[in-house]
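Throughout, protein chains are lettered first and strands after them, A, B, ... in sequence-line order, and every chain is numbered starting at 1.
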Amino acid sequence: MTTERYNPRAVEPRWQKQWDEAGLYETKTDAPGEKYYVLEMFPYPSGRIHMGHVRNYAMGDVVARYKRAKGFNVLHPMGWDAFGMPAENAAMQNKVHPAKWTYENIASMRAQLKSMGLSLDWSREFATCDVDYYHRQQMLFLDFLDSGLAYRKKSKVNWDPVDMTVLANEQVEDGRGWRSGALVEQRELTQWFLKITDYADDLLSALDELPNWPDKVRLMQKNWIGKSEGLMLRWALAPQTRPEGHEDLAIFTTRPDTLYGASFLAVAPDHPLAQTIAGTDPALAEFIAECRRAGTSAEALETAEKKGYRTGVEAVHPLDPDWTVPVYVANFVLMDYGTGAVFGCPAHDQRDLDFALKYELPVRPVVLPPKEDPTAFTIYSDAYDGDGVLFNSDFLDGLSPEDGFEAVAAKLEAATLGGEAVAERKVNFRLRDWGISRQRYWGCPIPVLHCETCGVVPEARENLPVTLPEDIDFEKPGNPLDRHPTWRKTSCPKCGGEALRETDTMDTFVDSSWYFARFTAPRAETPTEPAIANAWLAVDQYIGGIEHAILHLLYSRFFVRAMKKTGHLDLDEPFKGLFTQGMVVHETYKDGREWVPPADVVIREENGERSATRLSTGTPITIGGIEKMSKSKKNVVDPEDIIGSYGADTARWFMLSDSPPDRDVIWTEAGAEGAFRFVQRVWRLVQEAAPHLPAPSKASLAEISGETALAIRKAAHRTAHGVTGDIERLGFNKAVARVHELVNILAGSLAGLSASSETETRAAAREALEVLVKLIAPMMPHLAQECWTVLGRDGFVASEAWPQVEDGLLRDDSVTLPLQINGKKRGDLTVPAEASKAEIEEAALATQVVRDALNGGQPKRLVVVPGRIVNVVV
RNA sequence: GCGGGCGUGAUGGAAUGGUAGACAUACCGGACUUAAAAUCCGGAGGCGCAAGCCGUGCGGGUUCGAGUCCCGCCGCCCGUACCA
C-alpha cells in the first residue's frame with residue numbers, strides 16, 4: 001500500500017479557487033439561520049502580514065466556520081485600518097505618496113490573507129482611507145456636531161521647535177524629537193473634541209451588561225473611567241500672600257476625612273494661579289517652562305522626579321482659621337483632572353509623603369491603623385493608606401474615614417466663604433473628552449470651515465466629501481494641508497464669503513470606532529443602513545489584541561452611543577463577546593551588535609547546550625531573549641515563507657495548538673514542523689482507511705455492540721463533545737490536544753483495517769473519520785476538504801453540519817476515583833458510575849490502604865465527592 | 001509613577017478548590033533501512049536500590065485537600081489618552 005504525501009502547495013490553491021467560485025463565504029442578510037457576527041480587529045496595512053495576524057485570523061476563522069456548521073448565518077468580513085502615520089513616514093523617507101504606498105500594501109496583504117484560506121466575505125472589503133468610507137465618517141461628524149457631541153477647546157501638543165511640527169507621544173524620546181533631537185515643548189492649540197464624558201456614567205455602568213468580556217478588560221475600563229465621589233473644597237488664600245484676583249483656591253478631594261493631616265496645597269503648572277504668580281516671579285516662570293519641556297504623556301509626567309515650587313502664597317485651613325499651609329506648583333498635578341489643584345496629606349498618600357520629605361513639610365498622621373498606639377504611631381518613609389480610626393483630628397476623632405467624610409462634608413457645605421458654600425459634593429471622572437484633531441495629512445479631513453464673518457461653520461452636506469488633495473509635498477515636515485497652495489480656500493456655505501478649510505484631520509481611532517457597523521452595509525450612501533445594522537449588530541465575537549483593551553474599545557462603545565443619538569444605529573453596545581489574544585513572540589539573535597533574523601540562524605544542541613551560528617557567514621551568534629516579533633529586532637518569521645513551505649493549514653494549526661489563545665505564543669521552527677507532521681499523519685490515516693470503508697451513509701451504527709467498534713465510536717463522540725465545548729469557550733489549544741488524542745487512538749485501532757475487517761468496525765471507522773474531518777475543518781479547512789473528498793463525499797465539508805454527539809456514548813459503566821489519606825493520594829478506587837456516596841464510603845473503608853491507615857480505628861473524617869475524589873482523614 | 005495581567009518538567013502547556021505534568025515539542029532507547037529521512041514501538045519532573053520523600057517564581061495564611069482562594073514580595077508583559 002503506497003500513500004501519496006499530502007501536498008498543500010497544490011491542494012490549498014485548488015480548494016481556495018473552488019470556494020471562491022462557489023461564493024461559499026459571501027453572506028446574505030436574509031439567509032436562513034440565526035445571525036452570528038464574528039470579527040477580528042482589522043489590520044493596519046503595513047505591507048506584510050505577520051504571525052500575530054495569522055493567529056488572530058485563524059482564531060476568528062475557527063469560530064466563523066464552527067458557527068456556520070452549527071447552522072448560523074455568519075457574517076465574517078475584513079477591511080483595512082488604512083490612515084495613520086506610517087504612510088506619512090514612508091512618504092518622507094521614500095518619496096512615495098501615502099495613498100500609493102497604502103493601496104500597494106493592501107494589495108499584497110490581501111493576497112497573503114487569501115492564501116490563508118480564511119472564510120471571509122471579501123465582497124464587503126473596504127479601507128478607511130477610501131473616499132467612500134471617510135465621506136460617511138464626515139457625515140457622522142456633522143451629525144455629532146449638530147447634536148453637541150463635537151466641540152473645540154484648547155489643548156496641548158508636543159511641539160518640535162526645530163522641525164516646526166507636532167509630534168506623537170511615541171515620537172518623543174527622553175523629551176526630545178525623534179528626528180531633530182530638539183527638546184520638545186508643550187504648545188497649546190485649539191482642537192476638536194468629542195464629548196465622551198457625556199456618557200462616562202453609562203460607559204461605566206454598562207460594563208456590568210457585558211458578561212462575555214474578560215473581567216480584566218472591564219476592570220481596566222472601569223479604572224480608566226475613574227469615577228470618584230468627593231468634595232470640591234475652596235481654601236481661602238491669606239490676604240497678604242495672594243495675588244490680585246485669587247481670593248480662594250478650589251481643590252477636589254476624595255479624602256476630606258484626612259483634612260487635619262494636610263500640610264500643603266499643590267496646583268498644576270497650567271493652573272491660573274500659577275500663571276498669575278509666574279507673571280511677577282521669574283523663578284516660577286522658569287520652573288513652569290521646565291515642566292513644559294517634558295512632553296505631554298501621563299507616563300512622562302508621572303515617572304519624572306516629583307518637583308515643586310513654593311509660591312509664597314499661604315492657604316487658610318478650612319477647619320481652622322489659625323492654620324495656614326503653603327501653596328506649591330508641582331509637576332505631578334494634572335490640569336485635566338478635577339480642578340488642577342490638590343491638598344497634600346503626606347501621612348496617608350505615598351506621593352504626598354515623598355513630596356513632603358523632599359521639601360521638609362510636616363507629616364501628621366490622622367488615620368490610626370487598628371491596634372496601634374495613638375501616642376506612638378509615626379509615619380517614616382511609608383504612607384499608611386489603609387483603614388482605621390481618625391485621630392489628631394479635633395471633632396473627627398474616633399470616627400471611621402467614611403463617617404469622617406460625611407462629617408466634614410456636612411460642616412463645610414454649611415460654611416461659607418465669600419458668600420458661597422466652602423464645599424460641595426462632586427462626582428468626578430478621570431475620563432477626559434476625546435481629542436480627535438491631528439495636524440497631519442493622512443487622515444479623514446474634519447469637514448468644517450473657518451469664515452471671517454461666521455466663524456467656525458460646518459461644511460454643507462451636499463458639498464461632502466471633503467477629499468484630501470493629491471498634489472502634496474512631504475519635503476518639509478508638518479502638515480501638508482496647511483501649506484497647500486489652493487486646497488484650503490473655499491467659500492462659506494452660510495454667507496458665501498471667503499472661507500478657509502479646517503486643516504486638522506481625525507485621529508485614526510475615529511476610523512476604527514464604527515467600521516464594524518459599516519461592514520453590515522458597506523456600500524450604503526448613508527453611514528449605515530439602520531435596519532440592516534440593527535439586524536447584524538452587536539458583533540457576537542470580537543477578537544483582537546489586549547493592547548486595545550481601553551482606548552479602541554472604549555471609543556467604539558462611545559461611538560455606538562453617539563450613533564444611536566444621531567439615528568444611525570439602535571444599539572447599546574458594539575461587542576457582545578470579546579476575546580483578547582496574546583502576542584506571537586520569538587527568540588532573538590545577535591551577531592555582535594547586529595540583530596539577525598531567524599531565517600539566517602542555524603541552531604545546534606549538544607549536551608543540552610544550545611548554540612547558534614549565522615547561516616550566511618558561519619560566524620557564532622548570541623541567542624537572546626524571547627520577545628515580541630518586531631522589525632527592529634528582526635525576530636520575525638514571515639507567514640508567507642511558512643505558508644509557502646508547509647501550507648496555510650500547518651501555520652494555522654500551529655498557531656492554534658501551542659498556547660492558550662489569550663497568552664503569548666512562541667513561534668518555533670520545531671513546533672511548525674511538528675504541526676506539518678500532524679497534517680501528514682491525518683492524511684495518511686484517512687487515505688489508508690478510505691478504500692476499506694463502507695459507502696457513505698450506508699453504515700448502520702445503531703446496533704453496533706462489538707468491543708472494538710464501540711471503542712472507536714466512543715472515542716469519536718467523546719472527542720466531538722470535548723472539541724465542541726473547547727471551541728465554544730475559545731480553548732483552541734485544548735481542542736487541538738483532543739484531536740491529537742483521537743488520531744492517536746484511531747491510528748492504533750485502524751492500523752490493520754482491510755476489506756475483510758468486521759462490518760461493524762468498518763462502519764465505526766467511517767463515522768469516526770468523518771467526525772475527525774469535521775472537527776478539524778474549522779482549523780485546517782484545506783486538509784479537511786481534501787480528506788472529505790478522499791472519503792468519497794461530494795461537495796464542501798464547509799457546508800456540512802457539525803457532528804451530532806450521542807450522549808449514550810459519553811458514559812462509562814464504572815469510574816476510578818483517586819483515594820487519598822490525609823489529602824495525599826494513596827490508591828485508586830473503582831466503583832460503578834452511579835454509585836451513591838454511602839456505597840463509595842463503604843468501598844473506600846474496605847480497601848487495604850485505608851484499613852492499614854486506620855489501623856483498626858475510626859476515620860476522623862471522610863470526604864467523598866462523587867465522580868471526583870475520596871479523602872480519608874485519620 | 002499609576003491601572004491591568006502573567007509566572008507549572010529541557011520547552012509550549014493541561015488540571016469546575018479534588019490523582020500536578022493530559023497533549024505536543026525537544027531528547028534518549030528499540031524496530032525498519034546499506035545509510036539517512038519518514039514511519040512505528042517504548043522511556044522520561046527531581047532525589048532514592050527501594051519503600052518513599054520533595055516538587056507549580058519567593059514568603060506567609062485559609063481548607064479534609066491549594067497550581068487554583070487570601071495577604072506580602074520578586075520578575076516579566078500590556079496600557080498610560082497623538083503608535084496602531
Asks: Which part of the nucleic acid does A/Thr303 contact within heavy-atom distance under 4.0 Å: base, sugar-phosphate only, or nothing?
Replies: base
Asks: To the nearest angstrom, how far is A/Ile546 atom CD1 from B/G3 atom P?
Replies: 17 Å
Asks: Under 4.0 Å between any heavy atoms, over every strand shown, what does A/Gln191 touch: base, sugar-phosphate, or nothing? Just pick one.
Replies: base
Asks: Give a yes/no on whether any side-chain N or O of A/Asn223 is located under 4.0 angstrom from OP1 or OP2 of B/G4.
Replies: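 A/Asn223 to B/G4 OP1/OP2: side-chain N or O found under 4.0 Å.
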Asks: Please tell me which of A/Ile869 and A/Arg681 maps to the more 5' nucleotide of RNA chain B, matching each residue to the nucleotide holding its nearest heavy atom.
Replies: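 Going by which nucleotide is closer to the 5' end, it is A/Ile869.
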Asks: Quick one: do A/Arg292 and A/Asp270 make a salt bridge, cutoff under 4.0 Å?
Replies: yes
Asks: State the pairing partner of B/G21; accept Watson-Crick or G-U wobble contacts with both distances under 3.5 Å, and report none otherwise.
Replies: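 B/G21 is paired with nothing.
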Asks: Which nucleotide in the list B/A81, B/C54, B/G13 gets nearest to the side chain of A/Lys824?
Replies: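 Nearest listed nucleotide: B/C54.
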Asks: Rounded to whole angstroms, how far apart are CG on A/Leu746 and P on B/C40?
Replies: 14 Å
Asks: Does A/Asn733 place a side-chain N or O at less than 4.0 Å from the phosphate oxygens OP1/OP2 of B/A14?
Replies: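 So the side chain of A/Asn733 is within the cut-off, an N or O lying under 4.0 Å from OP1 or OP2 of B/A14.
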Asks: Roughly, in whole Å, what's the span from CZ in A/Arg861 to P in B/C64?
Replies: 5 Å
Asks: Could you state the CG-P distance from A/Asp81 to B/C83, rounded to the nearest angstrom?
Replies: 13 Å
Asks: Using only atom types and a distance under 3.5 Å, with no angle test, would you say the side chain of A/Lys227 pairs donor to acceptor with the backbone of A/Asn223?
Replies: no
Asks: Over all strands shown, is A/His548 touching base, sugar-phosphate only, or nothing at heavy-atom distances under 4.0 angstrom?
Replies: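 Base, at least one base heavy atom under 4.0 Å.
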Asks: Below the 4.0 Å mark, does B/A37 have OP1 or OP2 next to a side-chain nitrogen or oxygen of A/Arg677?
Replies: no
Asks: With a non-hydrogen cut-off below 4.0 angstrom, is A/Gly545 in contact with a base, only sugar-phosphate, or nothing?
Replies: nothing
Asks: Indicate, with a heavy-atom threshold strictly under 4.0 Å, whether A/Val739 touches base, sugar-phosphate, or nothing.
Replies: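 The residue A/Val739 makes no contact with any strand.
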Asks: Rounding to an integer number of Å, can you tell me how far A/Ile550 CD1 sits from B/G4 P?
Replies: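 For the pair A/Ile550 CD1 and B/G4 P, the rounded distance is 10 Å.
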Asks: Could you tell me whether A/Lys825 contacts a base, only the sugar-phosphate backbone, or nothing, with contacts defined as non-hydrogen atoms closer than 4.0 Å?
Replies: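 The answer is base, as A/Lys825 lies within the cut-off (heavy atoms under 4.0 Å) of a base atom.
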Asks: Is A/Arg351 salt-bridged to A/Asp354, going by a charged N under 4.0 Å from an acidic O?
Replies: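 Salt bridge absent between A/Arg351 and A/Asp354.
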Asks: When all nucleic acid strands are considered with a 4.0 Å heavy-atom cut-off, which category describes A/Trp224: base, sugar-phosphate, or nothing?
Replies: base
Asks: Once you round to the nearest 0.5 Å, how far does CZ of A/Arg55 lie from OG of A/Ser659?
Replies: 6.0 Å
Asks: Just how far, in rounded Å, is C1' of B/A81 from NZ of A/Lys195?
Replies: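 Roughly 18 Å, once rounded to whole Å.
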Asks: P atom, B/C54 versus B/G3: distance in rounded Å?
Replies: 39 Å
Asks: Indicate, with a heavy-atom threshold strictly under 4.0 Å, whether A/Arg729 touches base, sugar-phosphate, or nothing.
Replies: nothing
Asks: For A/Glu669 and B/U11, what is the distance between atoms CD and P respectively, to the nearest whole Å?
Replies: 20 Å
Asks: A/Phe509 near the nucleic acid: base, sugar-phosphate alone, or nothing, with a heavy-atom cut-off under 4.0 Å?
Replies: base
Asks: How would you label the contact of A/Glu299 with the nucleic acid (heavy atoms, under 4.0 Å): base, sugar-phosphate, or nothing?
Replies: base
Asks: For B/A66 versus B/U56, give the span between their P atoms, rounded off to a whole number of Å.
Replies: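 Here B/A66 and B/U56 have their P atoms 12 Å from each other.
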Asks: Once you apply a heavy-atom cut-off of 4.0 Å, does A/Leu819 come out as touching a base, just sugar-phosphate, or nothing?
Replies: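 Touches nothing.
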Asks: Answer with base, sugar-phosphate or nothing: what part of the nucleic acid does A/Gln171 contact at a heavy-atom distance below 4.0 Å?
Replies: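 No contact.
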Asks: For B/C78 and B/G17, measure between their C1' atoms and round to the nearest Å.
Replies: 29 Å
Asks: Starting from C1' on B/G4, measure out to CG on A/Leu578 and report it in whole angstrom.
Replies: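 The answer, rounded to whole Å, is 14 Å.
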Asks: Just name whichever nucleotide pairs with B/C73, Watson-Crick or G-U, keeping both distances under 3.5 Å, else none.
Replies: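 Pairing partner, where one exists within any strand: B/G57.
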Asks: Once you apply a heavy-atom cut-off of 4.0 Å, does A/Gln439 come out as touching a base, just sugar-phosphate, or nothing?
Replies: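 Here A/Gln439 touches the bases of the nucleic acid.
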Asks: Any strand counts, and the cut-off is 3.5 Å on both contacts for Watson-Crick or G-U wobble. Which nucleotide pairs with B/A51?
Replies: none
Asks: Assess whether a salt bridge exists between A/Asp726 and A/Arg738, defined as any Lys/Arg side-chain N lying under 4.0 Å from an Asp/Glu carboxylate O.
Replies: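 So A/Asp726 pairs with A/Arg738 through a salt bridge.
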Asks: Given B/U16, B/C53, B/A84, which nucleotide is nearest the side-chain atoms of A/Arg868?
Replies: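 Selected nucleotide (nearest to the side chain): B/U16.
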Asks: Using the closest heavy atom to pick a nucleotide of RNA chain B for each, name whichever of A/Ser659 or A/Asp828 lands nearer the 5' end.
Replies: A/Ser659
Asks: Would you classify A/Pro43 as touching base, sugar-phosphate or nothing, given that sugar-phosphate means primed atoms plus P, OP1 and OP2, and contacts are heavy atoms under 4.0 Å?
Replies: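 Since no nucleic acid heavy atom lies under 4.0 Å of A/Pro43, the category is nothing.
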Asks: When the P atoms of B/C77 and B/G12 are compared, how many Å lie between them, rounded to an integer?
Replies: 16 Å
Asks: Rounded to whole angstrom, note down the C1' distance from B/C58 over to B/C74.
Replies: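 Rounded to whole Å, the distance is 7 Å.
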